[in-house]
Amino acid sequence: MEIKFSNEEMERLSQVGYLRHFVRNELIYLEGDVANTLCIIRSGRVRIMLNTPEGEELTVEIVEKGRLFGESSFLSKSLRPTTVTAVTEVELICCTIPQLIPCLCQNPDILTKLLQHCSETMNHLSYSLHSFRFLNRYQRVASFLLTETGTDNPDKEITGQCLPYTHDEIAMCLGLARPTVSQVLKDFERKGCVRCAYGRVYILDRTALEQAVSTTA
């Protein structure tokens, strides 16, 4: 279950930080920028990406309201390891570490959630590495669909076993080519596992997708 800051906790954080607004697809920061702030999402969603020397993009995660990013700012003289852009219109609470430390000392619940979020990020990255190394394209797509739709998440517009992602977005998240993802989804659709619509994938048979993940052939 994803760890999120409550509205009350975000209000406390906004009192020690400052607000920034971004429009859809606007750059928030680039890989290699100085990491001088931690960001909490007050509204909207952001995309965290890695860039290859060839100019390709790999989506690491899409992060929504109540979550944070930019943990590298805790390291002295650190640079951003990723690029972050706004998926929707976004409002961020941005805090420098000197601003944040007194708030964490006075609010142990916020400190606990921050540490839980960092642990959750490590778990997500570990799973992603496992997926890249050990799962084939069918397993990777099936696992992604199951994980993303495991629980409703209105902040990501994920409700009722519906994933509001295009084939391009799924491909970027998984580091696969778009035609590969489209072919896998077409095969799953033919088997009755999913139904694809414009910008949407509906999960029809979770058990069949779970079997696809466990299949080694």
Side-chain angles (χ1 to χ4, degrees), residues 1-4 22-26 28 41-50 56-69 82-90 117 120-215:
M1 182 176 181
E2 292 181 334
I3 307 302
K4 296 184 180 183
F22 296 87
V23 300
R24 179 183 176 89
N25 296 325
E26 185 175 359
I28 296 174
I41 304 173
R42 192 171 184 178
S43 65
R45 299 191 301 278
V46 306
R47 187 190 308 278
I48 301 174
M49 302 179 296
L50 292 171
E56 296 180 355
E57 297 175 345
L58 172 62
T59 298
V60 176
E61 192 174 8
I62 294 178
V63 186
E64 72 279 15
K65 175 185 174 182
R67 300 189 63 206
L68 63 85
F69 61 94
T82 56
T83 293
V84 180
T85 60
V87 176
T88 63
E89 186 173 345
V90 170
H117 174 86
E120 191 176 68
T121 298
M122 290 299 298
N123 289 340
H124 174 78
L125 293 175
S126 296
Y127 176 79
S128 296
L129 287 172
H130 177 273
S131 175
F132 287 135
R133 179 64 179 85
F134 297 111
L135 302 186
N136 63 38
R137 62 189 186 276
Y138 288 94
Q139 292 171 313
R140 287 166 68 179
V141 173
S143 178
F144 180 79
L145 295 177
L146 290 168
T147 300
E148 290 297 311
T149 61
T151 56
D152 283 358
N153 189 335
D155 292 317
K156 279 187 177 180
E157 299 181 13
I158 298 173
T159 57
Q161 298 297 300
C162 173
L163 183 66
Y165 286 16
T166 65
H167 293 194
D168 276 329
E169 289 172 327
I170 296 173
M172 285 190 293
C173 288
L174 294 175
L176 294 170
R178 184 196 182 284
T180 299
V181 169
S182 295
Q183 183 59 56
V184 169
L185 289 174
K186 185 181 295 184
D187 290 345
F188 283 157
E189 192 169 26
R190 189 175 63 251
K191 294 176 181 178
C193 303
V194 304
R195 179 172 67 83
C196 297
Y198 182 75
R200 294 278 192 280
V201 179
Y202 295 89
I203 311 304
L204 304 180
D205 190 340
R206 295 186 69 84
T207 300
L209 290 176
E210 288 165 356
Q211 291 172 348
V213 174
S214 63
T215 299

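Values in this document were obtained by computation on a predicted structure and should not be read as measured data.
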Is there a side-chain contact between I170 and L176 (heavy atoms, below 4.5 Å)?
no
Test side chain to side chain donor-acceptor pair (under 3.5 Å) applied to T149 - qualifying residues, sequence neighbours left out
R206
Please identify each residue that fulfils side chain to side chain donor-acceptor pair (under 3.5 Å) with T121, with sequence neighbours left out.
E71, H117
side-chain contact (heavy atoms from CB on, under 4.5 Å) filter on D152, not counting sequence neighbours, yields T159
Is the number of heavy atoms from other residues, nucleotides or ligands under 6.0 Å of E210 CD greater than 12?
yes
4.5 Å side-chain heavy-atom contact, L185 and L145
yes
Once rounded to the nearest 0.5 Å, what's the spacing between atom CD of Q161 and atom CG of D205?
10.5 Å
So which heavy atom on M49 is nearest to which on T85, and how close?
CE-CG2, 3.8 Å
Which heavy atom in V63 sits nearest to a heavy atom in L68, and how many Å separate them?
CG1-O, 4.2 Å
Value for SG (C173) from CZ (R47), rounded to nearest 0.5 Å, stands at 6.5 Å
Measuring only between side-chain heavy atoms, which start at C-beta, is E148 closer than 4.5 Å to Y165?
yes
Taking all non-hydrogen atoms of both residues into account, name the closest pair between Q139 and A212 and its distance.
CG-O, 3.4 Å
Where A208 and C193 come nearest, the two heavy atoms and their spacing
CB-SG, 3.6 Å
Does a salt bridge link D155 with K4, judged by any charged N lying under 4.0 Å from a carboxylate O?
yes
Residue pairs meeting side chain to side chain donor-acceptor pair (under 3.5 Å), one or both in residues 186-201, sequence neighbours left out, come to Y138-D187, Q183-D187, D187-R190
Any residue meeting side chain to side chain donor-acceptor pair (under 3.5 Å) with T88, in chain and number order, not counting sequence neighbours
none
Please identify which of these residues, E89, E157, E64, meets the salt bridge (Lys or Arg N to Asp or Glu O under 4.0 Å) condition with R45.
E157
What residues form a side-chain contact (heavy atoms from CB on, under 4.5 Å) with T166, not counting sequence neighbours?
D168, E169
Look up atom OG1 in T83 and atom CG in L58, then write down how far apart they are to the nearest 0.5 Å.
11.5 Å
Test your reading of the model: is there a side-chain donor-acceptor pair from T147 to the backbone of F144, 3.5 Å cut-off?
no
Mark yes or no for whether R24, through its side chain, and V87, through its backbone, hold a donor-acceptor pair below 3.5 Å.
yes
Do the non-hydrogen side-chain atoms of V194 and L163 ever get within less than 4.5 Å of each other?
no
For the student: nearest non-hydrogen atoms of I28 and A86, plus distance
CD1-N, 4.0 Å
Before giving the answer on side chain to side chain contact (heavy atoms under 4.5 Å, CB included), spell out for F69 and I41 the whole-Å C-alpha distance, their side-chain angles and the decisive distance to 0.1 Å.
CA-CA 8 Å; F69 61 94; I41 304 173; 3.8 Å; yes
Scanning both residues in full, the closest heavy-atom pair of L209 with A142 reads O-CB, 3.7 Å
Before giving the answer on side chain to side chain contact (heavy atoms under 4.5 Å, CB included), spell out for V60 and L125 the whole-Å C-alpha distance, their side-chain angles and the decisive distance to 0.1 Å.
CA-CA 8 Å; V60 176; L125 293 175; 3.7 Å; yes
